[in-house]
Asks: 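This is the structure I want to talk about, given as structure tokens.
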Amino acid sequence: MKVIVLGAGIIGTSTAWFLNQQGHEVTVIERQPGAAQETSFANGGQISVSHAEPWANPSAPLKVLKWLGKEDAPLLFRPRADWLQWRWGLQFLRECTQQRTNHNIRQIVAIAEYSRQTLLEVRASTGIEYDSLSKGILHFYTDQKEFDSSLPAARLMRELGCPRVSISADEVIKKEPALAGMRQQIVGGDFTATDESGDVYKFTTGLARKAAECGVIFQYNTNVTRLLSAGCDSDATVTGVEIIDAQGRHQVLHADAFVVAMGSFSQALLKPLGIPLMIYPGKGYSATYPVTNQAGAPTISLTDDGYKLVVSRLGDRLRVAGTCEINGYSRELNNARCEAITRRTKELFPDACDYTAPVYWTGLRPLTPSNVPYIGKTKYSNLFLNTGHGTLGWTMGVGSGRAIADIISGVMPEVDFAFTGIERPTRIAL
Ligand SMILES: Cc1cc2nc3c(=O)[nH]c(=O)nc-3n(C[C@H](O)[C@H](O)[C@H](O)COP(=O)(O)OP(=O)(O)OC[C@H]3O[C@@H](n4cnc5c(N)ncnc54)[C@H](O)[C@@H]3O)c2cc1C
């Protein structure tokens with residue numbers, strides 16, 4: 001079958017890889033000059049199955065209210081005259097009940113664990129190098145109330161099969177001696193040995209190279225402008241995708257099937273087709289510093305719960321990422337936010353890095369209110385979704401690629417997940 005994949009982030013590239021491995025003829029359309037140049041460029045690097053709790057949870061509404069208008073808040077909702085933003089916000093509130101949170105955690109853990117295992121297989125079979133570290137993720141807390149409320153979440157994760165173990169402050173320092181200077185502030189932590197970290201950009205570009213060697217065509221510098229459709233109800237199909245190519249020419253490309261993997265931009269493409277995706281961009285920041293003192297730098301991936309920052313060691317670089325602004329599609333760097341990240345990183349690891357020339361970056365997380373992505377079918381028989389991976393696209397990405405390739409090939413994916421358009425109790429056909 002001839003399949004066109006729209007978008008070459010971690011999600012589109014993984015999709016293209018598995019479709020190719022299953023014998024399909026694949027073309028990827030991407031507006032950037034290469035793969036992984038938007039949200040999959042400089043994220044936090046964590047493959048964190050064990051911290052699948054979505055932002056929408058029972059404690060979120062109060063926190064979001066408290067943080068309103070605070071420039072360096074971990075999660076900042078900036079109200080705009082934007083209908084989609086308000087509808088997204090209301091849906092987010094609906095996802096904050098304990099029942100919905102538990103349901104969403106189960107979905108995310110299922111696809112994330114499947115993805116972690118799939119990533120291990122792809123790493124072994126392709127040999128792609130991406131500064132991966134398989135030493136677990138250590139999440140530390142500086143607020144007793146937050147630590148106490150993490151204990152039931154850790155229990156739930158263990159019930160779901162994630163070996164997330166709650167540990168004392170002394171054990172935190174034993175696991176990561178670079179945090180010794182913070183001993184007085186740390187109240188406890190949890191550690192998951194099976195979680196990992198690595199550079200999503202190196203992985204995605206490595207996979208795109210391998211896929212191209214296997215025959216996938218990557219058409220870069222090409223803007224997707226519209227999907228064309230025909231028929232209605234059960235006969236509806238997508239007949240082509242309208243693009244503007246690198247030379248500025250309009251064209252329509254045809255295929256047997258189309259997969260939308262355009263991250264935060266998927267929603268606008270699909271709206272004219274009557275497919276109401278609830279995806280809103282969640283702007284996040286990262287800072288990358290060169291490590292200049294091995295002894296002072298962390299050697300495992302960390303999450304600083306108080307500041308909602310993740311820290312990953314990517315070879316001789318330290319990547320620190322976090323914060324979220326619900327404020328439209330701008331990727332502008334806000335100095336207050338950048339400086340807050342560097343201030344906190346210096347506090348944690350004063351001698352680890354050269355802090356004089358940080359590389360700051362922003363990316364738009366394709367957030368669904370529940371943080372559960374859309375993977376599966378639509379009401380158009382040959383149009384498929386793989387998008388909306390929010391805060392965990394690196395964690396869920398490779399498995400999502402395999403799952404959608406299975407669905408397109410007519411095979412039920414191995415993972416028990418609420419795929420769109422497939423008989424499962426919780427998702428409706430879009
Ligand atoms: C600060 C930050 C930290 C994060 N940390 C982590 C982490 O530690 N672990 C984790 O699991 N996840 C993390 N994430 C989330 C993760 O990075 C995303 O979920 C993931 O990158 C989304 O991948 P994607 O392929 O869906 O989107 P993208 O990478 O954005 O890919 C979509 C592609 O579609 C292309 N595109 C869009 N519109 C068009 C068009 N009209 N025509 C042609 N091409 C188009 C874009 O150019 C882009 O390449 C983080 C995100 C941020 C912002």
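When a ligand or atom number is given, it counts from 1 through the structure's own listing order. Values below: every heavy atom of this structure, side chains too, minus hydrogens, waters and symmetry copies.
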Asks: With atoms numbered from 1 as shown, which atoms in ligand 1 lie under 4.0 angstrom from a non-hydrogen atom of Thr39?
Replies: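 In order of number, 17 (O), 18 (C), 21 (O), 28 (P), 29 (O), 30 (O).
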Asks: What protein heavy atom is closest to atom 26 (O) of ligand 1, reported as residue, atom name and distance in Å?
Replies: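 The closest one turns out to be Ile11 CG1, 3.2 Å.
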Asks: State if Asn223 counts as touching ligand 1 under the rule of any non-hydrogen atom under 4.0 Å.
Replies: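 Yes, Asn223 has a heavy atom closer than 4.0 Å to ligand 1.
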Asks: Aromatic rings Phe41 and Tyr201: how do their planes relate, parallel, tilted or perpendicular, breaks at 30° and 60°?
Replies: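 Correct class here is perpendicular.
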Asks: When you look for heavy atoms under 4.0 Å from ligand 1, do you find them on the side chain of Phe265, its backbone, both, or neither?
Replies: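 It is the side chain that touches ligand 1; the backbone stays farther off.
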Asks: Going through the checks in order, is the side chain to side chain donor-acceptor pair (under 3.5 Å) test met by Thr391 and Arg365?
Replies: CA-CA 6 Å; Thr391 62; Arg365 302 174 182 92; 6.0 Å; no
Asks: Distance to 0.1 Å, residue and atom name: give those for the protein heavy atom nearest to atom 18 (C) of ligand 1.
Replies: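 Residue, atom and distance for the closest contact: Gly390 O, 3.6 Å.
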Asks: Quick one: list whatever passes salt bridge (Lys or Arg N to Asp or Glu O under 4.0 Å) with Glu30, sequence neighbours left out.
Replies: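 Residues passing salt bridge (Lys or Arg N to Asp or Glu O under 4.0 Å) with Glu30: none at all.
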Asks: Parallel, tilted or perpendicular for Tyr130 and Trp394, by the 30°/60° rule?
Replies: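 Geometry flag for Trp394 against Tyr130: perpendicular rings.
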Asks: Among protein heavy atoms, which sits nearest to atom 9 (N) of ligand 1, and what does the distance come to when rounded to 0.1 Å?
Replies: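 Scanning the protein heavy atoms, the shortest distance from atom 9 (N) of ligand 1 goes to Gln46 O, 2.8 Å.
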Asks: Suppose we measure from atom 43 (C) of ligand 1 to each protein heavy atom; which comes out shortest, and what is that distance?
Replies: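 Ranking protein heavy atoms by distance from atom 43 (C) of ligand 1, first comes Arg31 N, 3.3 Å.
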Asks: Should one rank Val224, Thr395, Thr391 by closest heavy-atom distance to atom 12 (N) of ligand 1, which comes out on top?
Replies: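 Heavy atom nearest to atom 12 (N) of ligand 1 belongs to Thr391.
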Asks: Would you check if Glu25 and Val3 make a side-chain contact, meaning some heavy-atom pair closer than 4.5 Å?
Replies: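 Side chain of Glu25 against side chain of Val3, heavy atoms only: no contact under 4.5 Å found.
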Asks: Give a yes/no verdict on whether any heavy atom in Val200 is under 4.0 Å from an atom of ligand 1.
Replies: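 Flag not set, Val200 not near ligand 1.
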Asks: Any luck finding a side-chain donor-acceptor pair between His51 and Asp190 under 3.5 Å?
Replies: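 Looking only at side-chain atoms, Asp190 and His51 do form a donor-acceptor pair, the distance falling under 3.5 Å.
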Asks: If we only consider heavy atoms of Gln37, is any one of them less than 4.0 Å away from an atom in ligand 1?
Replies: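 Gln37: no contact with ligand 1 (<4.0 Å).
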Asks: Pair Glu325, Arg337 - check salt bridge (charged side-chain N to carboxylate O under 4.0 Å, His left out), show working.
Replies: CA-CA 10 Å; Glu325 260 176 81; Arg337 287 186 163 257; 3.2 Å; yes
Asks: Hey, is Asp195 close enough to Arg164 for a salt bridge, meaning N to O under 4.0 Å?
Replies: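 No, Asp195 and Arg164 are not salt-bridged.
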Asks: Taking side chain as C-beta onward, heavy atoms only, is Val241 less than 4.5 Å from Leu228?
Replies: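 With C-beta onward as the side chain, the pair stays apart.
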Asks: Would you confirm whether the ring centroid of Tyr289 sits within less than 6.0 angstrom of the ring centroid of Tyr355?
Replies: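 Tyr355 vs Tyr289: aromatic centres under 6.0 Å.
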Asks: Note the single closest protein heavy atom to atom 17 (O) of ligand 1, along with its residue, its atom name and the distance in Å.
Replies: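 Answer for atom 17 (O) of ligand 1: Asn43 ND2, 2.9 Å.
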Asks: Would Gly45 count as being in polar contact with ligand 1, using the rule that some N or O on each side must be under 3.5 angstrom apart?
Replies: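 Yes, at least one N or O pair falls under 3.5 Å.
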Asks: Could you identify the single nearest non-hydrogen protein atom to atom 2 (C) of ligand 1 and state the distance to 0.1 Å?
Replies: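 Here the nearest protein heavy atom works out to Arg365 NH2, 3.7 Å.
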Asks: Taking only residues at least two apart or on different chains, which pairs with a member in residues 217-228 satisfy side-chain hydrogen bond (donor to acceptor under 3.5 Å, both in side chains)?
Replies: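 Output for this query lists Thr225-Glu242, Arg226-Glu242.
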Asks: Counting from 1, what ligand 1 atoms have a heavy atom of Gln32 closer than 4.0 Å?
Replies: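 The list of qualifying atoms is 47 (O).
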Asks: Using 4.0 Å as the upper bound for N to carboxylate O, is an ion pair formed by Asp199 and Arg317?
Replies: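 Counted as a salt bridge, because a side-chain N and a carboxylate O are separated by less than 4.0 Å.
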Asks: Note the single closest protein heavy atom to atom 35 (C) of ligand 1, along with its residue, its atom name and the distance in Å.
Replies: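 Result: Glu30 OE1, 3.2 Å.
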Asks: Taking side chain as C-beta onward, heavy atoms only, is Ile422 less than 4.5 Å from Ile407?
Replies: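 The answer is yes, as the side chains (C-beta and beyond) meet within the 4.5 Å cut-off.
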Asks: Could you name the option among Ser264, Ala8, Gly7, Ser40 that has the heavy atom nearest to atom 23 (O) of ligand 1?
Replies: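 Heavy atom nearest to atom 23 (O) of ligand 1 belongs to Ser40.
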Asks: At under 4.0 Å between heavy atoms, which part of Thr222 makes contact with ligand 1: side chain, backbone, both or neither?
Replies: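 The answer is the backbone of Thr222.
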Asks: Is there a polar contact, in the sense of an N or O pair closer than 3.5 Å, between Trp394 and ligand 1?
Replies: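 N/O-N/O distance below 3.5 Å exists for this pair.
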Asks: For atom 3 (C) of ligand 1, grab the closest protein heavy atom and report residue, atom and distance to one decimal in Å.
Replies: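 Heavy-atom neighbour on the protein nearest atom 3 (C) of ligand 1: Gly44 N, 3.4 Å.
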Asks: Considering only heavy atoms, which of Ala261, Gly198, Gly388 lies nearest to atom 32 (C) of ligand 1?
Replies: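 Looking at heavy atoms only, the winner is Ala261.
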Asks: Can you check whether Val310 has an N/O within less than 3.5 Å of an N/O in ligand 1?
Replies: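 Checking ligand 1 against Val310, no N or O pair falls under 3.5 Å apart.
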Asks: Quick one: does ligand 1 sit under 4.0 Å from the side chain of Tyr285, the backbone, both or neither, non-hydrogen atoms only?
Replies: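 Only the backbone of Tyr285 comes within reach of ligand 1.
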Asks: What atoms of ligand 1 come within less than 4.0 Å of a heavy atom belonging to Gly284?
Replies: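 Those qualifying, in numeric order: 1 (C).
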Asks: Which atoms of ligand 1 have any heavy atom of Glu38 under 4.0 Å away?
Replies: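 Every atom of ligand 1 under 4.0 Å from some heavy atom of Glu38: 30 (O), 46 (C), 47 (O), 48 (C).
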Asks: Any ion pair linking Glu121 and Arg402 (charged N to carboxylate O, less than 4.0 Å)?
Replies: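 Glu121 and Arg402: salt-bridged.
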